[in-house]
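Data first, discussion second: the structure below is written as structure tokens.
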Amino acid sequence: MANGQWYPAEWPDRIRALADGALTPVSPRRAATVLLLADTESGPVVHMLRRRASMAFAGGGYAYPGGGVDPRDDDRLVRWAGPTRAWWAERLGVDESGAQAIVCAAVRETYEEAGVLLAGPDADSVVGDTTGDDWEADRAALVARELSFADFLHRRGLVLRSDLLGAWTRWITPEFEARRYDTWFFVAVLPTGQRTRNASTEADRTVWIRPCEAAAGYDKGELLMMPPTIATLRQLMPYDRAADALTAAPARDMTPVMARARLVDGEIVLAWPGHEEFTKHIPTDETTTGGGPA
């Protein structure tokens, strides 16, 4: 059965170039993305956005709110609730300033793209409505990178609620990709009183969907997704409540997942260790015209 696995049309050529020594891998940029969960009578649902078809990368594909780490967010010690920066550094496999920046990126991107803010006036609360004009002005400044998230929190007197996040998995873009990211995936539960909205300029649709339904859409070829997205959806399916996934997060393996490509018997074998469903066999003389469902 065809599925919704998406890969860029240029990957086979870039894989060949890497194997021939004609391509030098670029260093991956740190990033964070958040699987925002909520409970319904039929089980947990996850917030997903569909990237605009006009996007150069993964256009039309479904993903979660996320984006690159802002280096400015490791400069200022923000007000912090939950596990310490040292705890997060060990969990994420980075130093303490890097851990703060990654957690800030997760919270910032959720606010920028979904309008949900995992921060509050103190360590035991979260903000309520964030749809006012003054909030929107700050959100726009964050999107434009005119304002760092650390400065945003300081200016509003907010505490970052790191206890509302759980580090779930880590994926690194393959060496043959032109734009590479070292991405930490987090889970979080929608705070009481807040609502999501499509605040992203990169998305033309947002949905709350049960992980099993999204995975079924992928399996039928109806929903396009990159491997990390469908993999994390399948990992969420066993949980009966959103909070159960958050509770399970600290015990999850954070060893990075990165695709490997090798030449075997006249074909390229593209594989993601531990995720056999994504393995692809590409003839070395194949002319690829598109990277749609495969």
Side-chain angles (χ1 to χ4, degrees), residues 27-37 46-49 51 57-58 61-76 78 80-85 87-119 139 142-143 145 147-153 158 160-173 177 179-191 196 199-200 202-203 225-229 231-233 235-236 245-246 249-250 252-258:
S27 297
R29 179 187 175 191
R30 288 179 174 177
T33 191
V34 177
L35 288 65
L36 188 62
L37 306 171
V46 60
H47 181 72
M48 303 188 76
L49 54 85
R51 294 171 60 84
F57 186 79
Y62 280 78
Y64 312 111
V69 167
D70 186 343
R72 295 176 297 177
D73 288 336
D74 64 9
D75 291 338
R76 177 200 292 270
V78 302
W80 190 274
T84 65
R85 292 170 181 81
W87 184 94
W88 278 108
E90 182 176 359
R91 180 77 180 120
L92 302 179
V94 298
D95 60 24
E96 291 189 29
S97 62
Q100 174 176 292
I102 292 165
V103 172
C104 278
V107 177
R108 186 196 71 240
E109 289 290 337
T110 306
Y111 180 50
E112 287 182 5
E113 299 193 346
V116 171
L117 184 57
L118 305 177
R139 194 194 67 80
L142 288 167
V143 172
R145 296 299 180 261
L147 177 67
S148 75
F149 193 65
D151 286 337
F152 163 76
L153 293 173
L158 295 175
L160 186 147
R161 293 289 306 277
S162 82
D163 55 316
L164 300 182
L165 286 171
W168 190 258
T169 190
R170 179 181 177 185
W171 288 63
I172 300 177
T173 310
E177 174 56 53
R179 287 169 292 189
R180 301 187 64 211
Y181 295 93
D182 184 352
T183 305
W184 285 263
F185 287 70
F186 296 84
V187 292
V189 179
L190 179 69
T196 57
S200 172
E202 298 180 354
M225 300 179 199
M226 293 291 280
T229 309
T232 49
L233 283 170
Q235 292 161 357
L236 289 174
L246 185 62
R252 287 189 51 82
D253 183 9
M254 294 297 290
T255 302
V257 178
M258 185 173 73

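Across all non-hydrogen atoms, the minimal contact from Met48 to Tyr62 is CE-CB, 3.9 Å. Contact detail for Val78 and Gln100: the closest heavy-atom pair is N-OE1, 3.6 Å. Taking both residues in full, the closest heavy atoms of Ala119 and Leu158 are given as CB-CB, 4.3 Å, listed atom of the first, atom of the second, then distance. The two residues Asp163 and Leu246 come nearest to each other via the heavy atoms O-CD2, 4.4 Å. Of all non-hydrogen atoms in Glu112 and Arg139, the two that sit nearest each other are O-NH1, 2.7 Å. Of all heavy-atom pairs spanning Met258 and Thr173, the tightest one is SD-O, 3.8 Å.
Using a 4.5 Å heavy-atom threshold, the side chains of Leu160 and Cys104 count as touching. For the pair Arg91/Arg252, a side-chain contact is recorded, criterion being any heavy-atom separation below 4.5 Å from C-beta on. Contact annotation: the side chain of Val34 never approaches that of Glu109 to less than 4.5 Å [non-hydrogen atoms, C-beta and beyond]. Inter-residue side-chain proximity for Val46 and Thr232 is flagged as unmet; no heavy-atom pair is nearer than 4.5 Å. In this structure, the side chains of Val107 and Leu117 come closer than 4.5 Å at one or more pairs of heavy atoms. Tyr181 places none of its side-chain heavy atoms less than 4.5 Å from the side chain of Thr33. No side-chain heavy atom of Glu113 sits under 4.5 Å from any side-chain heavy atom of His47. Counting only heavy atoms from C-beta outward, the side chains of Trp184 and Val69 never approach each other to under 4.5 Å.
Between the side chain of Arg72 and the backbone N or O of Asp151, no donor-acceptor pair lies under 3.5 Å. With hydrogens and angles ignored, the 3.5 Å screen pairs no side-chain donor or acceptor of Asp70 with any backbone N or O of Ser148. A donor-acceptor pair is defined here as one N or O able to donate and one able to accept, closer than 3.5 Å; no such pair exists between the side chain of Asp182 and the backbone of Ile172.
Side chain to side chain, Ser162 and Trp88 meet the donor-acceptor criterion of an N or O pair below 3.5 Å.
Ile102 CD1 to Arg170 CZ: the interatomic distance, rounded to the nearest 0.5 Å, is 7.0 Å. For the atom pair OG1 (Thr84) and CD (Glu96), the distance works out to 7.0 Å, reported to the nearest 0.5 Å. Distance check, rounded to the nearest 0.5 Å: CE of Met254 to CH2 of Trp168 gives 11.0 Å.
When each of Val116, Leu118, Val143, Leu142 is checked for a side-chain contact (heavy atoms from CB on, under 4.5 Å) with Tyr111, only Leu142 meets the rule.
The aromatic rings of Phe185 and Tyr64 stand perpendicular to each other, their planes meeting at an angle above 60°, with 30° marking the opposite boundary.
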